[in-house]
Amino acid sequence: MTAEIDDATLVQRLAQGTGEILKGVRNVGLLRDKKLGEAGDAIAQDWIARALELHRPEDSVLSEEAEDDRTRLDNHRVWIIDPLDGTREYAGGRQDWAVHIALAIDGKIEHAAVGMPDLGMVFHTGDIRAVGGRPTNRLVISQNSTPEVATFIAEDLGMELVRMGSCGAKTTSVILGDNDVYVHAGGQYEWDNAAPVGIAQAAGLFTSRLSGEKLKYNCSDPYLPDLLVCRPDASERVLASAAKFLEQTGSFK
């Protein structure tokens, strides 16, 4: 018999345990670069899958590192995970990689955790609040791409652009008050942002598509092309700027 673990505890422990495993794989120094990233993805996926099979055998799973089991569409409880978000950053020895664990119930993220292993932190919906304070006037975007809409919003609102890796890292930077706004465009999937959105919402931040549309999870097509996470007091200005960009260009790219 396994001890009963509630959902809030399980998301936190999955993020914590996965992070410890990934640090161990990297720190022994036997693998580097692409081989290290591939091993991290595979080992983390295998451990999470085994834990969920033991503790939540009736739930479905949607993961970046596993084949999409379409029976999830008929299950009202679906775990949406990215075992290693920011594989390139992880393999390169950077700190801005993360572990994403989220539980969607009827399409809404109810429990989530984002592990930032190199910072020794797990942000989870059970205990989180945005730092707030004075605005930094900074907008964070992907380390690897520069969406035109993000550049437009930054210039339109007079904000400084900052680059980081994982979606989880960018979201937690807004929660911690290091940045005011996180904008993504050009393509993500549910596993990229489900856990970050879950903790952002629990922390009191504003989250939506760049159109202002609410985010939905466990959809038939898990592709989510754009995302906004920001301080609540910045949401109207950012959405208005995004709408101006859309009117001029016809798309968020």
Side-chain angles (χ1 to χ4, degrees), residues 82 85-90 92 94-98 100 114 116 118-119 121 123 128-216 223-253:
D82 190 343
D85 187 61
T87 304
R88 184 181 305 179
E89 287 75 20
Y90 167 77
R94 293 170 57 103
Q95 292 187 326
D96 50 346
W97 56 279
H100 294 177
V114 171
M116 299 290 297
D118 279 342
L119 301 182
M121 301 180 72
F123 299 84
I128 193 167
R129 185 173 64 179
V131 172
R134 293 177 60 86
T136 63
N137 207 37
R138 291 197 289 260
L139 186 155
V140 64
I141 60 172
S142 171
Q143 178 73 25
N144 304 313
S145 64
T146 305
E148 290 183 16
V149 62
T151 301
F152 178 91
I153 292 170
E155 293 177 352
D156 188 37
L157 301 182
M159 303 186 76
E160 175 189 357
L161 278 178
V162 178
R163 297 179 182 275
M164 295 182 72
S166 163
C167 177
K170 292 188 282 284
T171 300
T172 56
S173 78
V174 181
I175 292 172
L176 293 172
D178 297 329
N179 297 298
D180 296 338
V181 178
Y182 164 36
V183 166
H184 182 86
Q188 283 184 342
Y189 290 86
E190 291 186 16
W191 49 76
D192 291 309
N193 61 47
V197 164
I199 63 168
Q201 291 174 344
L205 297 182
F206 177 87
T207 66
S208 75
R209 298 279 303 275
L210 285 174
S211 63
E213 178 185 350
K214 289 184 178 180
L215 294 153
K216 301 175 184 177
Y223 182 68
L224 268 173
D226 52 75
L227 174 68
L228 169 62
V229 177
C230 68
R231 296 168 56 111
D233 56 7
S235 62
E236 290 187 9
R237 293 185 298 120
V238 175
L239 287 173
S241 184
K244 191 187 305 183
F245 177 85
L246 182 62
E247 184 177 355
Q248 293 179 12
T249 64
S251 66
F252 292 124
K253 289 184 179 179

Shortest non-hydrogen contact between [X] and [Y], atoms and distance:
X: Leu157; Y: Asn137; value: O-OD1, 4.3 Å
X: Ala185; Y: Pro147; value: O-CG, 3.7 Å
X: Met116; Y: Ala169; value: CE-CB, 3.6 Å
X: Val229; Y: Ala200; value: CG1-CB, 3.9 Å

Does the side chain of [Y] come within less than 4.5 Å of [X]'s, by heavy atoms?
X: Gln143; Y: Arg94; value: yes
X: Leu224; Y: Asp192; value: no
X: Val183; Y: Phe252; value: no
X: Arg138; Y: Asp180; value: no
X: Leu119; Y: Gln95; value: yes

Partners passing salt bridge (Lys or Arg N to Asp or Glu O under 4.0 Å) against Glu247 (at least two apart in sequence or in another chain):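 Per chain and number, Glu247 pairs via salt bridge (Lys or Arg N to Asp or Glu O under 4.0 Å) with no residue.
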What distance do [X] atom [atom1] and [Y] atom [atom2] have between them, rounded to the nearest 0.5 Å?
X: Leu215; Y: Thr207; atom1: CG; atom2: OG1; result: 5.5 Å
X: Ser145; Y: His184; atom1: OG; atom2: NE2; result: 6.0 Å
X: Leu228; Y: Leu205; atom1: CG; atom2: CG; result: 10.0 Å
X: His100; Y: Ser166; atom1: NE2; atom2: OG; result: 3.5 Å

Side-chain donor or acceptor of [X] paired with backbone N/O of [Y] under 3.5 Å:
X: Arg231; Y: Gly133; value: yes
X: Asn193; Y: Cys167; value: no
X: Arg129; Y: Gly204; value: no
X: Asp226; Y: Leu210; value: yes

side-chain contact (heavy atoms from CB on, under 4.5 Å) partner of Pro196, chosen from Leu227, Asp82, Thr171: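 When side-chain contact (heavy atoms from CB on, under 4.5 Å) is applied between Pro196 and each of Leu227, Asp82, Thr171, only Thr171 qualifies.
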Residue pairs passing the ring pair (Phe, Tyr, Trp, His ring centres under 6.0 Å) test where at least one lies in [range], sequence neighbours excluded:
range: residues 130-150; answer: none
range: residues 159-182; answer: none
range: residues 193-212; answer: none

Ring pair (Phe, Tyr, Trp, His ring centres under 6.0 Å) partners of Tyr90, counting only residues at least two apart: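 Counting only residues at least two positions away or on another chain, Tyr90 forms a ring pair (Phe, Tyr, Trp, His ring centres under 6.0 Å) with Trp97.
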Over 12 foreign heavy atoms within 6.0 Å of CZ, Arg209: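 Count over threshold, so yes.
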Verdict with supporting geometry, Thr172 and Met121, side chain to side chain contact (heavy atoms under 4.5 Å, CB included): CA-CA 10 Å; Thr172 56; Met121 301 180 72; over 6 Å; no
Check: residues 149-156 side-chain donor-acceptor pairs under 3.5 Å, at least two apart:
from	atom 1	to	atom 2	distance (Å)
Asp156	OD1	Lys244	NZ	3.2
Asp156	OD2	Ser241	OG	2.8
Asp156	OD2	Lys244	NZ	3.3

Pair Thr136-Asp178, side chain to side chain contact (heavy atoms under 4.5 Å, CB included): steps then yes or no: CA-CA 7 Å; Thr136 63; Asp178 297 329; 5.9 Å; no
Residue that, paired with Arg163, satisfies side chain to side chain donor-acceptor pair (under 3.5 Å) out of Asn144, Asp96, Thr146: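 It is Thr146; the other options fail the test.
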